[in-house]
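Taking it in order: structure first as structure tokens, then the write-up.
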Amino acid sequence: MQMARGAVIDLQSVTKKKVAHSRSWALLDSNGEAQTLDADKYAIMHRVRIHARDLRILDPLLSYPSTILGRDQAIVLNLEHIKAIITAEEVLLRNPSDEHVIPIMEELCRRLPKGSANQRTDLLGDGQEQLNESHDVDAGDEDESPFEFRALEVALEAICSFLDARTTELETDAYPALDELTSKISSRNLDRVRKLKSGMTRLTARVQKVRDELEQLLDDDDDMADLYLSRKLAGASSPVGGSVAPNWAPASPTIGSRIGRASRASAATTHGNENDVEELEMLLEAYFMQVDGTLNKLTTLREYIDDTEDYINIQLDNHRNQLIQLQLSISSYFTI
């Protein structure tokens with residue numbers, strides 16, 4: 001009996017270890033079809049050809065800043081709750097059951113296919129059909145940007161919208177609380193503003209990290225060129241490539257749905273330039289401006305909080321001076 005119990009315990013420990021090292025991923029291909037994938041880190045590393053240090057960036061147990069890394073065959077993406085690996089043909093999304101990740105999966109399924117916007121999967125359920133019907137899509141002007149850029153655009157759009165929504169919620173709570181504090185200085189109001197200020201500081205740091213990552217990427221053309229996975233893949237498979245690496249093929253014709261239609265004429269004139277990153281640069285600049293606008297909102301809120309603190313300190317100094325004056329008057333009265 002003891003041996004059997006020991007064997008059961010050992011089996012359970014092995015199972016727990018296997019579960020601990022196995023991670024749940026959502027796999028989305030170029031047709032917008034999704035499936036769950038339970039694989040350990042070694043299987044993921046082998047599948048997308050990245051190193052362990054790159055995969056460690058996506059570990060939710062470790063605290064890493066916002067990161068967009070371009071590798072030979074993949075883009076490693078760590079933006080808040082969005083932890084993904086993008087290749088030229090598929091997207092691996094971590095924690096697919098997370099409430100903040102599910103809408104991103106739905107949007108990826110809708111926008112990854114080049115021709116159709118009505119992809120449905122067993123993983124997402126019937127709610128996806130309503131999302132597709134409610135979204136306005138111009139079927140005659142489909143998105144011709146590379147697969148990896150369509151996936152990257154969905155991620156950037158999601159994180160920028162998420163941070164902007166959190167900022168709007170904070171503004172809705174903070175401004176009335178600050179106005180109430182100026183009209184009535186109390187321990188309750190002071191504590192409420194203190195909590196809001198702490199939340200603003202944390203949110204500002206999160207927004208700043210995303211902004212800094214986009215700015216750093218925009219400042220380095222080589223880093224942006226590393227994100228052209230389809231171009232590198234086409235260059236590697238081209239018989240004209242020779243022995244020069246990476247020897248990329250001509251750039252993809254257009255940018256994504258957000259700004260691509262306006263840039264087709266300019267992008268078409270730069271085909272054949274392997275160092276051309278205008279397409280990606282325009283995409284990144286659009287979301288850089290959006291997240292920079294969110295940061296400006298937080299900066300304005302911080303200035304309002306600082307002004308309120310200055311006003312409160314003036315009021316407290318005034319009350320303190322009145323108390324000192326009263327104390328001096330009483331002391332002089334009893335002295336006489």
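Note that the coordinates shown come from a computational prediction; the quantities given were computed from them, not determined experimentally. Just the heavy atoms: all of them, side chains too, but no hydrogens, waters or symmetry mates, feed the values below.
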- Message: I'd like to know if E148 pairs up with R231 as an ion pair, taking the criterion as any Lys NZ or Arg NE/NH1/NH2 lying under 4.0 Å from an Asp or Glu carboxylate oxygen.
- Response: no

**OP:** Give a yes or no answer on whether the side chain of N78 reaches the backbone of P65 with a donor-acceptor pair at less than 3.5 Å.
**Re:** yes

Taking H100's backbone N and O only, do any of them form a donor-acceptor pair with D98's side chain (distance below 3.5 Å, no angle check)? yes

Inset, instruction - Kindly say whether S187 contributes a backbone atom to a donor-acceptor pair with the side chain of D191 at under 3.5 angstrom? - result: no

Q. After noting the C-alpha distance and the side-chain angles of L152 and L280, does the key distance pass the side chain to side chain contact (heavy atoms under 4.5 Å, CB included) rule?
A. CA-CA 10 Å; L152 179 61; L280 178 60; 4.0 Å; yes

Do R211 side-chain atoms and D292 backbone N/O form a donor-acceptor pair below 3.5 Å? no

Contacts of Y175 meeting ring-ring contact (aromatic ring centres under 6.0 Å, His included) (sequence neighbours excluded), chain-then-number -> Y304

Nearest heavy-atom contact between L196 and A174 is CD1-CA, 3.7 Å

Checklist line | Expected output: side-chain E80 to main-chain I159 donor-acceptor under 3.5 Å | finding: no

Worksheet entry | Side-chain donor/acceptor of K83 to backbone N/O of D59, under 3.5 Å | no

To the nearest 0.5 Å, atom OG1 of T294 lies from atom CG of D164 at 4.0 Å

Indicate yes or no for a side-chain donor-acceptor contact from N189 to the backbone of K184 under 3.5 Å, with no hydrogens or angles considered. yes

- Y64, M45: one ILVMFWY side-chain cluster at the under-4.5 Å cut-off? yes

- Check: V154 main-chain N/O paired with R111 side-chain donor or acceptor under 3.5 Å: no

| field | Sub-4.5 Å side-chain heavy-atom contact between D29 and L112 | value | no

Any non-hydrogen side-chain atom of E99 less than 4.5 Å from a side-chain atom of H81? no

Self-check item: Worked verdict on R320 versus I324 for side chain to side chain contact (heavy atoms under 4.5 Å, CB included)
Solution: CA-CA 6 Å; R320 189 180 301 110; I324 293 173; 4.2 Å; yes

_Pair R192 + D173, salt bridge at N-O below 4.0 Å_ = no

task: Verify the cluster assignment for M289 and M282: are they in a single hydrophobic cluster under the rule of side-chain heavy atoms below 4.5 Å apart?
output: no

Original post:
Would L62 end up clustered with I85 when hydrophobic side chains under 4.5 Å apart are linked, directly or stepwise?
Top reply: yes

Next on the checklist: Taking the side chain as everything from C-beta on, heavy atoms only, tell me whether S198 gets closer than 4.5 Å to R202.
Outcome noted: yes

Does T308 reach the side chain of V193, with side-chain heavy atoms less than 4.5 Å apart? no

Quick one: are D223 and I68 in side-chain contact, heavy atoms under 4.5 Å?
no

Heavy atoms, side chains only, cut-off 4.5 Å: are L79 and L156 in contact?
yes

D306 and R302 ion-paired at < 4.0 Å: no

Lys/Arg N to Asp/Glu carboxylate O, E153 vs R150, below 4.0 Å | no

Rounded to the nearest 0.5 Å, the CG atom of L181 sits from the CZ atom of R188 at a distance of 11.0 Å

- prompt: What do the steps show when you test V207 against T204 for side chain to side chain contact (heavy atoms under 4.5 Å, CB included), and what is the final call?
  reply: CA-CA 5 Å; V207 174; T204 301; 5.9 Å; no

Problem set entry | Side-chain (Q73) to main-chain (R49) donor-acceptor, under 3.5 angstrom | no

Notebook entry, point to check: Same cluster or not: are L301 and Y311 linked, directly or through other Ile, Leu, Val, Met, Phe, Trp or Tyr residues, by side-chain heavy atoms under 4.5 angstrom apart?
Noted result: yes

Closest heavy-atom pair, S230 versus A88, reported as atoms and distance to 0.1 Å, is OG-CB, 4.0 Å

*Are I185 and I314 in one and the same hydrophobic cluster, where Ile, Leu, Val, Met, Phe, Trp and Tyr link if side-chain heavy atoms are under 4.5 Å apart?*
no

Show your reasoning for whether side chain to side chain contact (heavy atoms under 4.5 Å, CB included) applies to L233 and T87. CA-CA 10 Å; L233 184 64; T87 71; over 6 Å; no

Are L203 and L163 close enough that some pair of their side-chain heavy atoms sits under 4.5 Å apart?
yes

| Do we see a donor-acceptor contact under 3.5 Å between the side chains of Q216 and D220? | no

Contacts of F147 meeting ring-ring contact (aromatic ring centres under 6.0 Å, His included) (sequence neighbours excluded), chain-then-number -> none

Check: S30 and E89 side chains under 4.5 Å, non-hydrogen atoms
no

When every non-hydrogen atom of L58 is compared with those of A84, the smallest separation belongs to CD1-O, 3.9 Å

